[in-house]
Chemist: 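Just passing along the structure, written as structure tokens.
Position 1 is the first residue of the sequence, and the numbers go up from there. Read the numbers this way: they start at 1 and go in the same order the structure lists the ligands and their atoms.
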Amino acid sequence: MESKGAAQWSSIIVPSVQEMVKEKMITTVPPRYVRSDLDKTEITDGSGLNTEIPIIDMKRLCSSTAIAMDSEVEKLDFACKEWGFFQLVNHGIDPSFLEKTKAGIHGFFNLPMEEKKKLWQLSNEIEGFGQAFVISEDQKLDWADLFFLTVQPVESRKPHLFPKLPLHFRDTLETYSAEVQNVAKILVARMARALEIKPEEMLKLFDDVDSIQSMRMNYYPPCPQPDQVIGLTPHSDSVGLTILLQVNDVEGLQIKKDGKWVPVKPLPNAFIVNIGDVLEIVTNGTYRSIEHRGVVNSEKERLSIATFHNPGMYKEVGPAKSLVQRQKVAKFKRLTMEEYMDGLFSRELDGKAYLDALRI
Ligand SMILES: O=C(O)CCC(=O)C(=O)O
Ligand SMILES: [Fe+2]
């Protein structure tokens, strides 16, 4: 990561929304957060449309019986093609450990401000407490704070961040990182099986010593005018695979399905998994990275943790060659992850615009 490009990945430092809400009795939203540009409508259960994202059973994906495994792989394949999102159940991670992780994240955002300031983003970095993709002073802002950090490979951890986390929380994140990485590797291997991509082509990207795992913890404070703001701007994840955990029981994630915003209703202890832009590229557009957003609540705070899985910084990313041979046409350009990231962080977050720019 120590390249010329890496130094340029940054986001303008913005105020903490959590602090703003805590300190002042805010009754109206400051203009910089008002999003009259966004479509706030969402579809509801009575719409007649299918609003439930598919549910995938990890135990069946790992079954020693080929019939059980393949029928679940088929469901996974359908979910990735049609929805780009699914809920993962029976993932094998101990529910009491997940509760500990959630409590740790909650406590972390509630640390005293003087402690949090030590972990704040620097002006030339994207890691730490702060925001992402803020590239101009007059850009509208999300009603949220985040904490972003690279966890794997170990050498890419920032010396001023990971070692400075509260010890018990660091240990929890270390275990969470390993458990989630293992889930990601299995999912990617099953996707390769479904698409008949040579396993080594996928493993080289997501199960190698240089594969990157990062975490984005999101804190959405309550908002007096929730309809005026957005917690998280509509975006597709610019990564390979995202494994999302809802940290408390407040809903707010919505995904774009057939042009409409559909609320996701997380099952207890399930992960919400989604295909990112890098996997859309690798699968030559067969699997789709779907736009999603976060809305906020007038009374309750909302928290989530997204764990992102990406190929190593110097790996070349492009449509899998074994797939292109069969499909006869490559739909995306090939580029290194570093080139990809340079392009990503020089833009505002804008739906799937960056992925579109990489289309051939
Ligand atoms: O808060 C959520 O549920 C969604 C988070 C998300 O989409 C992200 O961090 O990329
Ligand atoms: Fe996301």
Chemist: Between Ile275 and Met191, is there a side-chain heavy-atom distance shorter than 4.5 Å?
Modeler: yes

Chemist: Check Thr242 against ligand 1 and report side chain, backbone, both or neither, counting heavy atoms closer than 4.0 Å.
Modeler: neither

Chemist: Side chain, backbone, both or neither: which part of Phe308 has a heavy atom under 4.0 Å from ligand 1?
Modeler: side chain

Chemist: Can you find a pair of side-chain heavy atoms, one from Cys223 and one from Val29, that are under 4.5 Å apart?
Modeler: yes

Chemist: Specify the protein heavy atom at minimum distance from atom 8 (C) of ligand 1: its residue, its atom name, and the distance to 0.1 Å.
Modeler: Leu232 CD2, 3.7 Å

Chemist: Among all protein heavy atoms, pick out the one at the shortest distance from atom 9 (O) of ligand 1; state its residue, atom name and that distance to 0.1 Å.
Modeler: Asn218 ND2, 3.1 Å

Chemist: Just to verify, which of Ile105, Thr101, Val151 counts as forming a side chain to side chain contact (heavy atoms under 4.5 Å, CB included) with Tyr176?
Modeler: Thr101

Chemist: Using a 4.0 Å cut-off to any heavy atom of His292, which atoms of ligand 1 qualify?
Modeler: 7 (O)

Chemist: When you draw lines from the Fe ion (ligand 2) to NE2 of His235 and to NE2 of His292, what angle lies between them, to the nearest 10°?
Modeler: 90°

Chemist: In Asp237, the N, O or S atom nearest to the Fe ion (ligand 2) is which?
Modeler: OD1

Chemist: Can you name the atoms of ligand 1, numbered from 1 with element, that are less than 4.0 Å from a heavy atom of Gln246?
Modeler: 3 (O)

Chemist: Please report whether the ring centroid of Phe206 lies less than 6.0 Å from that of His309.
Modeler: no

Chemist: Report the part of Leu146 (side chain from C-beta onward, or backbone N, CA, C, O) that has a heavy atom under 4.0 Å from ligand 1; answer both or neither where that applies.
Modeler: neither

Chemist: What are the atoms of ligand 1, with element, lying closer than 4.0 Å to any heavy atom of Arg216?
Modeler: 9 (O)

Chemist: I'd like to know whether ligand 1 has Arg302 as a neighbour, heavy-atom separation below 4.0 Å.
Modeler: yes

Chemist: Near Leu253, which atoms of ligand 1 are under 4.0 Å from a heavy atom of that residue?
Modeler: 3 (O), 4 (C)

Chemist: For this output row, return yes or no: ring centroids of Tyr340 and Tyr354 closer than 6.0 angstrom.
Modeler: yes

Chemist: For Leu344 and Ser238, which heavy atoms make the closest approach, and how far apart are they?
Modeler: CD2-OG, 3.3 Å

Chemist: Check Ser322 against Lys198 and note the closest heavy-atom contact, atom names and distance.
Modeler: OG-N, 3.1 Å

Chemist: For ligand 1, is any non-hydrogen atom under 4.0 Å from Asp237's backbone (N, CA, C, O), its side chain (CB onward), both, or neither?
Modeler: side chain

Chemist: Applying side chain to side chain donor-acceptor pair (under 3.5 Å), can you list everything that pairs with Ser211, at least two apart in sequence or on another chain?
Modeler: none

Chemist: Under 6.0 Å between the ring centres of Phe108 and Phe129?
Modeler: yes

